There are 2 protein chains.
Amino acid sequence: MKKVSIKDIASMAGVASSTVSFVLNGKARKMRISETVEKRVLEVARNAGYYPNQLAISLRTGKSKTLGLIVENIGNIFFATLAKTIEEEAEQYGYRVVYCSTENNASKGKELINMLSQRQVDGYLITPAPHMEEDIQQLVQLQRPVVLIDRYLPAVEASHVLVNNAEAVAQGMAHLFAQGYKEIGFVTVDLDVMQMEQRLDGYIGALSKEGIRLNKDIILKVPYTHQRDEAVELIASLLKNNPQLEALFFATNYLGILGLESINRLKMAIPEDIAVISFDDHDIFRLYPPGITSIQQPVEAIAKKAVALLMEQCENTESIFPKAEVELAAKLIVRGST
Amino acid sequence: MKKVSIKDIASMAGVASSTVSFVLNGKARKMRISETVEKRVLEVARNAGYYPNQLAISLRTGKSKTLGLIVENIGNIFFATLAKTIEEEAEQYGYRVVYCSTENNASKGKELINMLSQRQVDGYLITPAPHMEEDIQQLVQLQRPVVLIDRYLPAVEASHVLVNNAEAVAQGMAHLFAQGYKEIGFVTVDLDVMQMEQRLDGYIGALSKEGIRLNKDIILKVPYTHQRDEAVELIASLLKNNPQLEALFFATNYLGILGLESINRLKMAIPEDIAVISFDDHDIFRLYPPGITSIQQPVEAIAKKAVALLMEQCENTESIFPKAEVELAAKLIVRGST
DNA sequence: TAATTTTGCAAAATCGTTTTAGAAGTGTAA
DNA sequence: TTACACTTCTAAAACGATTTTGCAAAATTA
C-alpha cells in the first residue's frame with residue numbers, strides 16, 4: 001500500500017502542495033488561506049489518513065528533533081533510569097532520544113557517534129568511555145551541541161553534569177566512621193575513568209581526615225573485563241586475606257552486587273561480620289536483607305540539568321556557549337547493612 | 001560549521017555528484033569510473049571528513065533500515081534484555097532499532113505507532129498493550145511488516161512469537177507438586193492481556209490435573225495501577241488470610257519482587273514458612289537468599305525468531321506472508337526457595 | 001572509412017517536505 | 001482608465017542523497 005504524500009492530498013483537494021503544507025502547519029492564517037480551502041484540505045487529509053514523513057521534514061528543515069544518548073550500558077539500572085528520565089525530559093522540549101551503549105569500549109563509542117551523526121541528531125549526551133577524547137573533541141570543534149554526563153574528560157572542552165563523587169563518598173565514609181567502623185576496604189574497577197578516580201579520592205581523603213593510614217592492600221581494583229565469577233572470587237579473597245576488615249565500600253552498584261555474592265559464598269553475615277555500603281542504589285539493595293546502605297545519585301536532577309544545557313545549545317546554535325561544569329549532591333540511603 | 005555534502009565533494013574533486021555517489025557506494029566498477037577519478041574522489045571525501053546524510057538516503061531509497069520496537073516497560077529487566085538482544089540481532093541484518101515503552105497504555109501505544117510511522121521505520125516489533133487491536137490491525141492492513149512478541153491479540157492477523165506460557169507454568173507447578181506442596185497460591189496482575197490469562201490457565205490446568213479443587217481465594221489479581229506499597233500490602237494480606245498456603249506462584253518478576261517484600265514484612269522464612277516461584281528470572285532471584293526458583297523465558301530465542309520473521313517480511317514486501325504463530329519452551333531454574 | 005560499440009562521465013529526475021517569491025483576481029482611489 | 005494595494009493561492013527552489021538516462025569521445029568492428 002503506497003503511503004499518501006502531501007502531493008496526493010494536494011491533487012485530491014485541487015490545490016497546490018504548498019497550500020496543503022501551510023494548512024497542515026497551522027499557517028493558514030498567516031498565509032491568508034481562505035477558510036473554505038483550509039477546511040477542504042483538512043478534510044481530505046484526515047480521510048486519506050495522511051501523516052507527514054519525518055525524514056523529509058528533517059531533511060528540509062535541517063532539524064531532526066532527535067538527541068543521541070550514549071551510555072555505558074543500558075542494561076544497568078542506573079543508566080536505564082537515567083535514559084528514561086532523559087527521554088521524558090527531552091519530550092518536554094519536543095525532542096526524541098535514541099540511545100545506545102558503549103560497553104566502555106572507545107571504538108564502539110566512535111562508531112556510535114558516527115552513526116548518530118549520520119542520522120543527523122541535533123545534539124549529543126554522552127557518558128564517555130576512556131579514550132574517546134578525540135572523537136568528542138571533534139564534535140565540539142564542529143560546534144555540535146554536546147553535554148557529558150556521569151563523568152567527564154578534562155582534555156575536552158565540553159559541558160558536563162555529574163554527581164559530586166568525592167563528596168558523596170566522603171559522606172558515606174563519615175557515616176561508617178560514625179557507626180564505629182575503622183577498617184574499611186574499598187572495591188572499585190580498574191577503569192581509567194574520571195568518576196572512579198574521584199570516588200577513590202573521596203575514600204582516601206576521608207581516611208586521612210580521620211587520621212587513618214592508607215592501606216593499599218584493602219583497595220581492590222577489579223578488572224573490568226573479568227567474568228562475573230572471577231570478580232566474585234577476587235572480592236572473596238580480599239575478605240579472606242584481610243580478616244581485620246569491618247566494612248566494605250563498593251564504588252558502583254554492580255560491584256556491590258558481586259560483593260554480596262562473595263559475602264554470601266563466605267557465609268559471612270551482614271552487618272555482623274562485615275558492613276556494606278555501595279555507590280548507586282539498586283532494587284536489590286532495598287530488598288536484600290538486611291538492606292544495603294547506598295549512595296543514591298540524583299538521577300532526575302542530572303537528567304534535567306543535562307537536557308537543559310543541551311537544549312540551550314541546540315536552540316541557539318549561533319552563539320558559542322561557555323563550558324558549564326555542574327556537580328550535584330548525592331543522597332545517602334542508610335539501611336541495615338551499616 | 002557546515003556539514004559537507006556529496007555536492008561539496010563533487011565540486012572539490014571536479015566531478016559530478018553522481019560520480020561521487022557511485023564511487024562511495026562501491027559502484028565505480030559497475031559504472032565504469034576510471035581508477036584515477038575514483039582515487040581522487042575517495043581522497044577528497046576522506047580529507048573533507050565526509051559522511052552521508054542518512055535522512056537523505058532513506059528519503060530517496062524509501063528504506064530507513066530502522067525497526068520500531070514497542071515494549072511494555074523498558075525499565076523492567078525482562079524487556080530490557082529482550083530489547084538489547086533484538087538490537088544485537090537486528091544489527092546482523094544491518095538494521096537499527098528505536099525502542100519505546102507503552103506502560104501498558106493503549107493511547108500511548110497508538111502515539112508510539114504514529115511516531116514510528118512518521119519516522120518511516122521499515123518494520124514493527126510490538127508487545128501489544130490491551131486495546132491496541134485496532135491500531136495494529138491497521139498496520140497489518142497497510143501491509144507494514146509487523147511481529148508481535150511476548151503476547152498476541154487473537155483478533156489481529158499478525159505473526160507472533162512468545163513463550164509457551166501455560167506449559168511453562170504447568171512445568172513450575174509440577175515441580176512444586178514434586179516437592180510436596182499442595183496449597184499453592186497464584187499472584188497475577190489484573191491486566192486483560194493474553195499472556196497473563198495463559199499463565200493463569202496453566203495454573204488452573206495443573207491443579208485440576210493433580211486433582212486439587214480450585215480455590216479462588218488464593219488467586220490474587222493485583223491491580224496494575226497500584227502503587228508499590230499498596231501491592232505489597234495486598235500480597236501480605238493474602239498470606240495472612242490464608243495461613244494454609246505452602247507456596248506462592250508469581251506470574252511475573254515484578255510481582256515476585258513485591259512478594260519478597262511482603263514476605264519479608266511478615267517475617268516469614270523462605271522456604272520454611274512459604275515456598276516461592278516466579279515467572280521471569282531476575283538478578284534479585286539469583287541473589288536473594290536462599291535463591292528464588294523462577295521460570296526463565298528463552299529471551300534470546302524469542303528475539304532471534306521475531307527478528308527473523310520481521311526481516312523476511314521487510315526484505316520481501318511484495319508477497320503476503322502467512323501469519324506465523326511461534327511458541328517457545330521456557331526453562332525452569334530451581335533454587336532454594338522451593 | 002563508415003558504422004557500431006564501449007568508455008567515462010554529466011545531467012536530470014526523484015523522494016516528501018518547507019519556504020520564498022510572485023501571479024492572478026478584485027477592489028479602491030486618483 | 002490607470003495605478004496601487006489586498007487577498008488568495010501557486011510555482012519553483014531547496015534539502016542531500018540515488019538512479020536512470022544521455023551523450024561525447026575513444027575504441028572496435030565491418
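None of these values were measured; they are calculated from a predicted model. The sequence lines fix the lettering, A, B, ..., with proteins before strands; numbering per chain opens at 1.
- Using a 4.0 Å heavy-atom cutoff across all strands shown, A:Thr19 reaches at least one base atom of the nucleic acid.
- Rotation axes derived from the C1' atoms of the five outermost pairs at either end of the helix from C:dT1-D:dA30 to C:dA30-D:dT1 lie 80° apart, to the nearest 10°.
- Comparing C:dT17, C:dA11, D:dC9 by their closest approach to the side chain of A:Ser34 singles out D:dC9.
- When the shell of 6.0 Å around CD of B:Glu315 is examined, it contains more than 12 heavy atoms from other residues, nucleotides or ligands.
- Between the side chain of A:Arg32 and the base of D:dT7, no donor-acceptor pair under 3.5 Å is found.
- Remark: A:Glu111 does not engage B:Arg96 in a salt bridge, criterion side-chain N to carboxylate O under 4.0 Å.
- Within the 4.0 Å cut-off from OP1 or OP2 of C:dT17, at least one side-chain nitrogen or oxygen of A:Tyr50 is found.
- One can place CE of A:Met31 at 15 Å from C1' of D:dC6, the figure rounded to the nearest angstrom.
- B:Phe22 places its CZ atom 15 Å from the P atom of D:dA17, with the value rounded to the nearest Å.
- Ring pair A:Tyr99/B:Tyr99 is perpendicular by interplanar angle, where above 60° counts as perpendicular and below 30° as parallel.
- Between D:dT10, C:dA11, C:dC15, one nucleotide has an atom nearer to the side chain of B:Ser18 than all others, and that is C:dA11.
- In this structure, a donor-acceptor pair under 3.5 Å is absent between the side chains of B:Ser117 and B:Arg144.
- With sequence neighbours excluded, the residues forming a salt bridge (Lys or Arg N to Asp or Glu O under 4.0 Å) with A:Arg29 are A:Glu38, listed by chain and number.
- Across all strands, A:Lys30 comes closer than 4.0 Å to no nucleic acid atom at all (heavy-atom distances).
- Taking only side-chain atoms of A:Ser5, from C-beta outward, the nucleotide of C:dT18, C:dC15, C:dT17 with the closest atom is C:dT17.
- Distance B:Ile33 CD1 to C:dT7 C1': 10 Å, rounded to the nearest Å.
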